Number of protein chains: 2
Amino acid sequence: MASSRGRIDKRQAILDGAFTVFARQGYAQACVQEIANEAGVAKPTVYNHLNDKATLFRHAMQAAAQTALHQRLAALEPLADPDPDLRVTLEDVGHRLLRLHTDDRSCALRRLLYSEITQFPDFLDIVTESGPHRLNQALADRLARLTLAGHLRATDPDQAAEQFMALLTGPLEARTRMGTRQIGDAELHEITRAAVRTFLHAFGTADA
Amino acid sequence: MASSRGRIDKRQAILDGAFTVFARQGYAQACVQEIANEAGVAKPTVYNHLNDKATLFRHAMQAAAQTALHQRLAALEPLADPDPDLRVTLEDVGHRLLRLHTDDRSCALRRLLYSEITQFPDFLDIVTESGPHRLNQALADRLARLTLAGHLRATDPDQAAEQFMALLTGPLEARTRMGTRQIGDAELHEITRAAVRTFLHAFGTADA
DNA sequence: ACTAGATTGAACCAATGAGTTCAAAACAGT
DNA sequence: ACTGTTTTGAACTCATTGGTTCAATCTAGT
């Protein structure tokens with residue numbers, strides 16, 4: 001078989017370990033030997049599964065972006081069946097998104113994207129296909145439905161989605177010191193409530 | 001004298017060239033020889049002014065952050081003497097801020113901060129002293145004055161400033177593909193108008 | 001013109017790390 | 001037990017690069 005089902009699938013362990021080490025050290029500073037150690041595997045095994053350091057990096061990032069996207073899409077779920085009081089649903093979704101956005105792996109992924117996007121132009125695809133774009137699209141869909149149902153007043157759902165995300169994640173950059181400091185759940189709730197408040201000021205209907 | 005006023009101050013040329021190369025290659029990939037070339041200077045001269053690569057990097061980043069901060073503070077100036085129609089002043093300021101935020105050097109600075117902040121913990125000071133924090137503070141001051149004057153309704157000026165910046169710069173991350181693509185002035189204006197609209201929905205008074 | 005300090009180019013040293021080779025060992029399926 | 005594939009560890013090659021040394025050259029100020 002092409003994929004070695006022998007052992008407990010080393011490949012996945014390698015990709016996981018790779019992302020961990022890349023997240024900790026950055027691409028250039030991370031050495032393959034350390035990745036092998038982290039994955040509990042010998043160095044030649046790494047090169048046996050992935051051709052070279054660059055493709056190793058690419059695959060690790062791809063995988064991380066995939067799972068991050070799925071998590072964030074799942075966080076939107078409550079919007080499919082919203083509470084009569086839209087505010088509580090928005091705050092719920094907002095809080096989930098913030099929790100994911102401040103997650104360690106998430107922060108590392110964003111840091112690595114920012115730092116290596118010039119050296120790895122293919123990461124642009126990750127951004128559009130598994131990144132903010134997709135999430136914005138899904139959120140815009142939900143907001144459009146809510147507008148049709150008369151619970152919202154978003155003439156341009158894409159823009160509304162964009163601003164909702166901006167109000168949520170914008171304040172994080174400064175407060176988390178660019179993702180280096182974890183911030184408490186209380187502060188997260190505070191940000192969420194503020195974001196939802198101004199969002200509803202701009203796009204809410206009478207039933208707020 | 002301590003500072004060599006001989007020649008046309010090589011030191012500045014070195015710092016500028018260093019930032020240029022670091023911006024293009026990243027910290028690890030940038031080699032000192034190339035920095036020397038970019039600055040039109042010999043390699044030992046670089047080590048003559050800065051002890052090693054790390055301090056060279058630190059000083060270059062520090063300088064870049066300084067100028068970026070000054071530019072952005074200057075962009076707030078119209079708020080000191082606002083137009084009777086507050087909307088036009090806010091759109092003016094917003095547009096200036098966006099222009100600065102999407103500037104090449106600015107994007108590079110942000111990218112480098114994100115990528116190396118784990119290896120260079122002292123950059124946290126840059127973020128707080130010359131980064132978003134200072135800008136937020138200055139903006140909050142202006143908004144507080146406007147609230148006192150009855151032109152605005154911002155009970156928590158810090159939060160209002162935070163959200164104003166978020167509405168402006170949040171959409172950029174996705175639209176500029178994490179700072180790799182320049183976006184046209186028209187699109188910038190569109191973002192600004194949308195941001196100011198929702199900001200005034202949330203914090204504006206009757207005279208909008 | 002003279003001197004002291006800065007600059008230059010080139011060569012050099014040492015460390016690091018990517019990627020390979022290879023023989024020995026471990027494993028999976030039969 | 002047998003066989004073919006995979007893994008392992010260790011050693012090895014080779015290119016890059018940070019940082020230094022040094023003698024020759026340049027510049028500024030006197």
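Values below: every heavy atom of this structure, side chains too, minus hydrogens, waters and symmetry copies. Given the structure is predicted, the values throughout are model-derived calculations rather than measurements.
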What integer distance in Å separates E34(B):CD from dG19(D):P?
16 Å

Checking dT8(D), dA18(C), dG18(D) against the side chain of V41(A) (C-beta onward), the nearest is dT8(D)

Find the distance N48(A):CG to dC27(C):P and express it as a whole number of Å.
17 Å

Assign the ring pair Y114(A) / Y114(B) to parallel, tilted or perpendicular, where the plane angle (0 to 90°) is split at 30° and 60°.
parallel

Would you kindly say whether Q182(B) and D104(B) are connected by a side-chain donor-acceptor distance under 3.5 Å?
yes

In whole Å, what is the span from the CG atom of D52(A) to the C1' atom of dT20(C)?
13 Å

In plain terms, say whether R96(B) and D92(B) are close enough for a salt bridge, that is, a side-chain N and a carboxylate O under 4.0 Å apart.
yes

For the pair made of CD in Q33(A) and P in dC12(D), what is the distance, rounded to whole Å?
16 Å

Between F57(B) and F123(B), is the ring centre distance below 6.0 Å?
yes

What is the separation between atom CG on N51(A) and atom P on dG19(C), rounded to the nearest whole Å?
10 Å

Looking across every strand, which nucleic acid part, if any, lies under 4.0 Å from A30(B) by heavy atom: base, sugar-phosphate, or nothing?
sugar-phosphate

Euclidean distance, atom OH of residue Y47(B) to atom P of dT20(D) [Å, nearest integer]
7 Å

Short N-O contact, E162(A) and R175(B), less than 4.0 angstrom
yes

Answer yes or no: does a side-chain N or O of K43(B) lie under 4.0 Å from OP1 or OP2 of dT21(D)?
no

So, OP1 or OP2 of dT7(C): does either fall under 4.0 Å of a side-chain N or O from T45(B)?
no

Taking the side chain of P44(A) as its heavy atoms from C-beta onward, which of dA18(C), dA10(C), dT21(C) lies nearest to it?
dT21(C)

Could you state the CG-C1' distance from L50(A) to dT6(D), rounded to the nearest angstrom?
16 Å

Rounded off to whole Å, could you give me the CG-to-C1' distance for the L56(A) and dG17(C) pair?
15 Å

H49(B) side-chain N/O to dA6(C) phosphate OP1/OP2 under 4.0 Å
no

Candidates dT8(D), dT8(C), dA18(C) - which lies nearest the side chain of A42(B)
dT8(C)

